[in-house]
Every structure is written in C-alpha cells, then in structure tokens.
Amino acid sequence: MPGILTQAAIDDPALRAAYTHCRRSVRRDDPVEYSIMQLMPPALRPACWAMWAAFSAADDAADAQGDTNAGRAARLLAWTSALESELAAGHSDDPVRRALIDTMWRWRLDPADLQLSFSTLDGDTRGRSLQTWHDWSAWVGDSNLSWAAQSMTLLARAGVPVPLWLRRKDAYQRYLDGLYLTDTLTDLAHDLARDDLSLPAEILDRFPHAADHLRRRHWSPAVRDLVTHLTEQARRWLNQPGLTGALHPGPAEMLRTATRLFHARLDAVQAAGPALLSRPAVPSALLRWRILAPARTRAAVAWRLTPLIPPPPAQNYAPAFPVPRQVRSPHALQPPPAHPSGTRPPAIPADRMPRHVAVIMDGNGRWATRRGLSRHEGHRIGADIATREIIYGAAEIGLSHLSLYAFSTENWKRDTQEIAYLFETLREQLREDIVTSDPLGIRLRWAGRTDGLPEDLVEELLQAELATRHRTGLTLTVCVNYGGRAELTQAAAQLARTVTTGDLHPDRMTEDDLARHLPWPDTPDVDLLWRTGGERRISNFLLWQAAYAELHFTDDHWPDVDRRDLWQALTEYSTRQRRHGAVPASARTTDGCLIDNSAAH
C-alpha cells in the first residue's frame with residue numbers, strides 16, 4: 001500500500017522508536033489484544049499500539065501497587081496533565097505520549113475520548129462501589145469504550161466506515177461486557193494481589209462467602225460456583241449474533257477472531273481450577289496460533305482488496321479539536337446568546353427547578369397553513385427558531401435534561417414529502433447546531449427506533465451521540481421515530497431475555513429492573529411535560545418516564561414560542577405542590593391525623 005503510513009514510513013527516527021516502544025509493550029503485556037491489532041490494516045497498527053499503550057500507562061499509574069489512593073490519583077494526574085500540555089504543543093519526550101500525540105494529530109482524533117477514560121480511572125483511585133451489573137457495565141463502558149470508538153474512527157478516517165457498531169450499540173456494549181468479564185476472570189490473581197475485586201455486589205451476594213474466600217485466595221465451593229457462573233455469563237455476552245453480518249470483511253474478521261480468542265481464554269479459566277487464584281489463565285501458544293494463522297490470511301486478503309486513504313502529510317498536521325481539552329465543569333460552560341429582548345431567566349429556587357422537561361413540539365404544520373405557507377416551511381421555522389430558542393433557554397436557566405418529541409412512530413401516516421423534508425431539516429440541525437454547541441456543553445442523545453429511518457439520518461444521530469457524549473452541560477434527548485409503547489415493549493423483551501438466561505429471577509423483578517432496560521436509564525423521570533399547539537394529550541410520549549410528570553399545555557403553535565415560554569412554564573411548575581400520592585402536611589392536624597380521607601396525586 002504505497003503512500004500510506006506504516007511504521008517503516010515514519011521518517012522521524014525518534015517517533016519511529018516511540019511507536020516501536022508502544023508495540024513491544026503491548027505485545028509483552030497484552031499478547032491477545034496485540035494479536036487482534038495485527039489484523040488491522042498495516043496503516044493503522046501503529047496508531048492502535050499507541051492508543052493501547054497510552055491507556056495501559058494511565059491504568060498503571062492509577063493502579064500502582066503499594067501506594068495510597070491519594071498517591072495513585074496524583075500519579076495519574078501527573079501523567080494526564082503532561083499529556084494535555086504536550087498534546088497542545090504537539091511533542092513529548094515520553095515515548096508513549098509521543099506516539100499517542102502523533103496518532104491524535106495525524107488521524108484527527110478527539111482528545112475528549114481519552115479524557116473520558118482517564119476520568120473513569122481517576123474515579124477508580126478514589127474508590128468505586130459497583131452494586132449492580134448495570135453499574136458495572138457503565139463503568140466498563142466508560143473505561144473501555146473510548147478505545148473501541150477511536151479504533152472505529154481510525155477505520156473511518158482510512159476509508160473503511162463501520163456504521164453497524166453504532167447502530168447496534170446495545171449489542172456491542174454487551175459484547176464489550178463479555179470481553180471485560182473474560183479479562184477479569186483471566187487476570188483474577190493479578191487483581192486479587194492488588195485487593196481489587198471489581199465485581200458488582202449483586203452477583204457476590206448470590207454466592208455467600210465467595211468474596212471473602214477470594215480475598216483470602218481460598219478455592220472454596222462458593223468460589224468455584226461463582227467462577228463457573230461468571231464464565232457462562234461471559235460466554236453468553238460474547239455470543240451476539242448478527243454483529244458481523246453487514247460489516248466490511250476486515251473488521252468482521254477481527255470481531256470473529258476476538259470472539260474465538262476470548263472463548264479460548266474462558267476455556268483456560270475453566271481448566272485452571274484453584275490455580276486461577278495464583279496465576280493468570282491463558283490459552284496455549286499453539287491454540288492461539290491455530291486461531292490467528294488463518295485469521296491473518298483472511299484479514300490480509302480483505303485489506304489488500306480495500307483502497308485506503310492515507311493520512312495528511314506531516315507538515316499539514318493540525319488537531320481536529322481544541323486542545324488541551326479537559327472535561328468542563330458546568331461552571332466553565334459558556335452561556336448561550338441572550339434573547340434579543342434582553343429578557344433574563346427567572347430566579348427559580350434550586351429545589352423548585354425540574355431536572356427533566358419533555359416537550360411535544362406541536363403545531364408547525366397548522367402554523368404554516370394559516371399563513372398560506374407549505375407545511376415544510378412550518379417545520380423549518382420551528383426548527384431554526386423555536387427549537388434553537390428552547391435549547392438556549394434550557395441551557396441559560398441551567399436545566400439538566402430536555403427531551404424533544406421530533407417525530408413519532410405515528411407520524412409515518414403523514415405525506416411522504418413532508419416526512420422527507422422534516423428529516424432533512426433534522427439533518428441540517430445535527431450538522432450545524434451540534435458542532436457549534438460545544439461551548440454550551442450540550443450532550444445529545446437519540447431515543448427511537450431505526451426501522452424505516454434513512455440510514456444516513458441514523459448515522460448522523462448516532463455520530464452526534466458519540467461526538468457529544470463527554471459534554472457536561474444540558475443533556476438533550478431528541479426523540480425520532482419514537483413511541484412510548486414501543487419503547488416499553490422493547491424493554492420488556494430485553495428483560496425477558498435476562499430471565500431466560502438466568503440473570504434475573506422473575507419473582508425478584510422490580511420496576512428498577514425494567515427501567516434499566518430503557519434506552520437511557522440514567523435519565524431522570526420527567527418532572528414537567530409541555531405541549532404546544534392547543535392539544536391536551538401526551539400522544540404516546542415517554543409513558544414510563546412521565547408517570548408523575550406535571551402537565552403544561554399552551555395554545556401557541558411551536559414556531560411562535562421562544563425561551564420566555566419555557567421560562568414561564570418553569571415558573572408555573574415551581575408553584576405546584578408535587579405529592580406523588582402522599583398527603584401534604586397542610587392536610588394533617590397537629591396530632592398527625594388526616595383532616596379528610598381524600599388522597600392527592
């Protein structure tokens with residue numbers, strides 16, 4: 001592949017030595033992961049070595065044995081702070097950071113992805129409490145998803161887009177859980193030496209005394225049963241059918257090979273028995289060779305037939321994103337442009353502010369028809385003016401979560417031209433507003449189904465999620481092709497699968513179990529649901545999340561509203577007494593008895 005970056009094509013001897021250092025460290029410390037990286041195109045392997053070596057170096061700083069939590073946090077801070085300043089300068093004397101900086105600049109990667117993983121490592125140094133598998137999965141994702149995301153970005157930069165991993169992100173997250181759980185079992189002896197048992201309390205509680213026996217390195221029946229259960233669970237998570245179906249042959253081969261290698265590691269865990277508590281469980285070199293030799297041949301053929309795009313010449317390097325790039329605190333975010341009238345947001349006490357406001361943006365078409373305009377024009381003005389205004393108003397007043405009903409599963413009944421125009425308007429907003437909203441710290445999420453949506457729109461939505469996931473300001477959930485009943489049906493199906501696999505007993509199922517299977521389980525319940533356009537119904541919107549929402553209906557059509565209308569809704573909300581079925585204090589006598597028998601909701 002002439003003209004494309006390979007390790008040998010790096011002219012700077014010091015930089016070439018830095019990449020060689022990363023390669024050797026990855027090959028020595030993580031031979032399985034190194035073998036998978038060797039299935040990447042040769043042009044991308046140095047970048048993979050650099051990124052993995054950097055994450056490993058930061059992890060080593062955070063896990064230094066014999067040090068205090070404060071000492072480990074200080075070591076990690078020193079390493080990441082040096083990276084930040086060096087990334088801005090474009091140079092480092094540390095070989096790992098030097099190779100990483102070249103990779104970030106050369107391939108235009110976002111430093112915020114690194115910061116997300118480093119922030120998680122920092123949290124680890126301060127102690128973590130993993131109560132449920134959901135907590136554990138979120139921790140795994142924050143720790144490891146950045147590397148996977150950067151690898152996918154590398155492929156896309158080289159001309160090999162991998163759209164399916166975004167579209168099936170739930171399956172990929174579960175697959176990632178399987179990889180990490182396998183790592184945990186394989187390296188159990190190493191983790192126990194650091195007194196680090198990174199398993200959720202809910203699984204340890206199912207095997208009484210297993211945690212204590214593990215810490216004492218005692219291979220008891222409880223430990224044996226726990227390891228057997230976790231091994232079977234890791235196998236289930238690794239088996240995600242359909243992940244390779246629409247992939248380019250190169251990434252598909254990498255995924256299949258990784259699955260075979262990690263199943264081999266689980267075989268080694270099962271065969272290790274008590275030795276698992278004293279040394280890592282690794283498959284034999286012969287077995288690894290039998291898996292990897294044919295995979296290398298197939299991957300080489302796939303990449304040989306794929307034209308790759310070389311990175312820009314060294315003299316044209318420029319970071320694609322501002323650096324240094326610390327994750328901003330909410331206090332460091334920039335305010336949105338002021339309202340043209342100069343009106344400022346009302347001062348609402350913090351304990352009276354809703355955390356989550358959901359809006360049904362109704363009346364675009366009727367607004368346009370009454371003015372002799374096409375319905376398309378109503379959607380355009382509603383998006384360009386009203387939607388932007390409401391987002392600005394939410395950010396300005398400090399709202400944490402805002403959900404907008406952009407397109408429902410019932411809206412497919414509309415004229416096809418109107419639907420096409422609505423989707424194009426949404427695309428434009430994603431391309432323009434999300435990129436420029438970084439100073440506001442807006443994090444975008446999408447809720448809805450992929451069925452029927454144009455593929456490019458799905459990719460735009462998912463790429464916007466990925467690009468903004470590190471931001472710390474307003475969380476904006478755009479509901480496109482969304483239906484509340486469909487969402488609950490999907491959550492129930494996922495919950496049924498956990499029962500079928502034995503991960504949950506039906507008699508112990510709670511509301512929280514179902515809520516954890518909703519698309520964004522960390523989103524708080526809706527406090528205030530506002531609908532414009534004069535209608536008085538919630539139209540299948542956020543049925544679970546809005547169970548106790550205060551309802552606010554206004555007659556103005558969506559294109560006529562601005563941030564002042566949102567602030568008015570918030571002000572009215574702040575005066576309401578929310579009781580959630582309880583009896584207010586004013587309804588009790590001084591001796592605690594009820595004045596009457598009515599229950600207020």
Side-chain angles (χ1 to χ4, degrees), residues 141 161-175 240-243 245-247 356 358-362 364 379 383 387 401-430 434 443-469 475-498 514-523 525-526 529 531 537-547:
V162 191
L164 189 67
W165 86 278
L166 284 172
R167 197 168 308 165
R168 305 252 348 242
K169 61 181 182 178
D170 290 340
Y172 274 93
Q173 177 64 62
R174 187 55 74 195
Y175 182 78
Q240 295 294 328
L243 286 189
L247 284 179
H356 184 185
V359 185
I360 301 175
M361 307 177 292
D362 196 16
N364 289 308
H379 291 302
T387 301
H401 289 78
L402 175 68
S403 294
L404 301 179
Y405 208 0
F407 187 84
S408 76
T409 51
E410 288 77 26
N411 288 152
W412 291 107
K413 302 171 187 176
R414 296 186 179 185
D415 179 77
T416 55
Q417 288 187 338
E418 180 181 349
I419 292 173
Y421 192 90
L422 194 153
F423 288 162
E424 182 55 36
T425 301
L426 183 56
R427 286 188 194 93
E428 292 174 2
Q429 277 193 295
L430 291 170
I434 298 303
R443 175 175 55 175
L444 184 131
R445 290 174 167 180
W446 167 41
R449 301 171 62 91
T450 61
D451 306 355
L453 289 180
E455 288 193 9
D456 63 332
L457 178 58
V458 172
E459 297 306 323
E460 295 268 6
L461 288 163
L462 293 171
Q463 289 288 355
E465 277 185 10
L466 183 65
T468 64
R469 71 187 188 281
T475 295
L476 172 64
T477 302
V478 181
C479 300
V480 181
N481 198 22
Y482 175 88
R485 288 182 173 179
E487 180 180 71
L488 289 173
T489 301
Q490 184 178 9
Q494 293 178 2
L495 193 60
R497 282 192 285 271
T498 64
L514 190 144
R516 280 197 292 268
H517 289 83
L518 294 173
W520 297 108
D522 60 333
T523 302
D525 284 345
V526 175
L529 192 152
R531 179 170 188 155
R537 56 180 180 273
I538 63 173
S539 296
N540 197 24
F541 186 38
L542 298 174
L543 298 180
W544 180 275
Q545 299 88 338

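Residue indices begin at 1 and follow the sequence shown. Predicted, not measured: the structure shown is a model, and the values here were computed from it.
- Aromatic pair F407/W412: ring centres closer than 6.0 Å.
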Any chance you could lay out the side-chain contact (heavy atoms from CB on, under 4.5 Å) test for N411 and I419, step after step, and finish with the verdict? CA-CA 8 Å; N411 288 152; I419 292 173; 5.9 Å; no

Evaluate the side-chain contact (heavy atoms from CB on, under 4.5 Å) criterion for residues T409 and D451: first the C-alpha distance (whole Å), next the side-chain angles of each, then the deciding distance (0.1 Å), finally the verdict. CA-CA 10 Å; T409 51; D451 306 355; over 6 Å; no

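- Closest non-hydrogen pair, P521 versus A515, comes out as CB-O, 3.5 Å.
- The line from CD of E465 to CH2 of W446 is 7.5 Å long, rounded to the nearest 0.5 Å.
- A distance of 11.0 Å separates OG of S403 from CD1 of I360, quoted to the nearest 0.5 Å.
- Residues V480 and L453 are in side-chain contact: their nearest non-hydrogen atoms beyond the backbone lie under 4.5 Å apart.
- A donor-acceptor pair under 3.5 Å is absent between the side-chain atoms of Y405 and the main chain of V478, judged by distance alone.
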Give the intermediate values and the outcome of side-chain contact (heavy atoms from CB on, under 4.5 Å) for residues Q545 and E487. CA-CA 11 Å; Q545 299 88 338; E487 180 180 71; 3.2 Å; yes

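- A donor-acceptor pair under 3.5 Å links the side-chain atoms of S408 to the main chain of E410, judged by distance alone.
- Across W520 and A447, no two heavy atoms sit closer than the pair NE1-N, 4.4 Å.
- In this structure, V526 and F541 have side chains that are not in contact, with every pair of non-hydrogen atoms separated by 4.5 Å or more.
- Atom CD of Q494 and atom CZ of R516 lie 12.5 Å apart (nearest 0.5 Å).
- Looking at M361 and R531, their side chains never come closer than 4.5 Å, going by heavy atoms from C-beta outward.
- We find the CZ-NE2 distance between R443 and H401 to be 6.0 Å, quoted to the nearest 0.5 Å.
- Here the side chain of N481 pairs a donor or acceptor atom with the backbone of R449 at under 3.5 angstrom.
- Within the 4.5 Å cutoff, the side chain of L444 has no heavy atoms near those of the T475 side chain.
- Between the side chains of T523 and H356, no donor-acceptor pair is found at a separation under 3.5 Å.
- One distance of note links CG of L404 with CG of L476; it measures 5.0 Å at 0.5 Å rounding.
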Given R445 and D522, is the salt bridge (Lys or Arg N to Asp or Glu O under 4.0 Å) satisfied, shown in steps? CA-CA 12 Å; R445 290 174 167 180; D522 60 333; 2.8 Å; yes

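- Taken from CD in Q490 to NE2 in H517, the straight-line distance is 11.0 Å, to the nearest 0.5 Å.
- Looking at E418 and H379, their side chains do bring a donor and an acceptor atom within 3.5 Å of each other.
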Go through it in stages, so that I can follow the logic: the residues are L543 and L488, the test is side-chain contact (heavy atoms from CB on, under 4.5 Å), and I'd like the CA-CA distance, side-chain angles, deciding distance and then a yes or no. CA-CA 8 Å; L543 298 180; L488 289 173; 4.3 Å; yes

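- In the displayed structure, Q417 atom CD is contacted under 6.0 Å by at most 12 heavy atoms of other residues, nucleotides or ligands.
- The heavy-atom pair separating N540 from R485 by the smallest distance is OD1-N, 2.9 Å.
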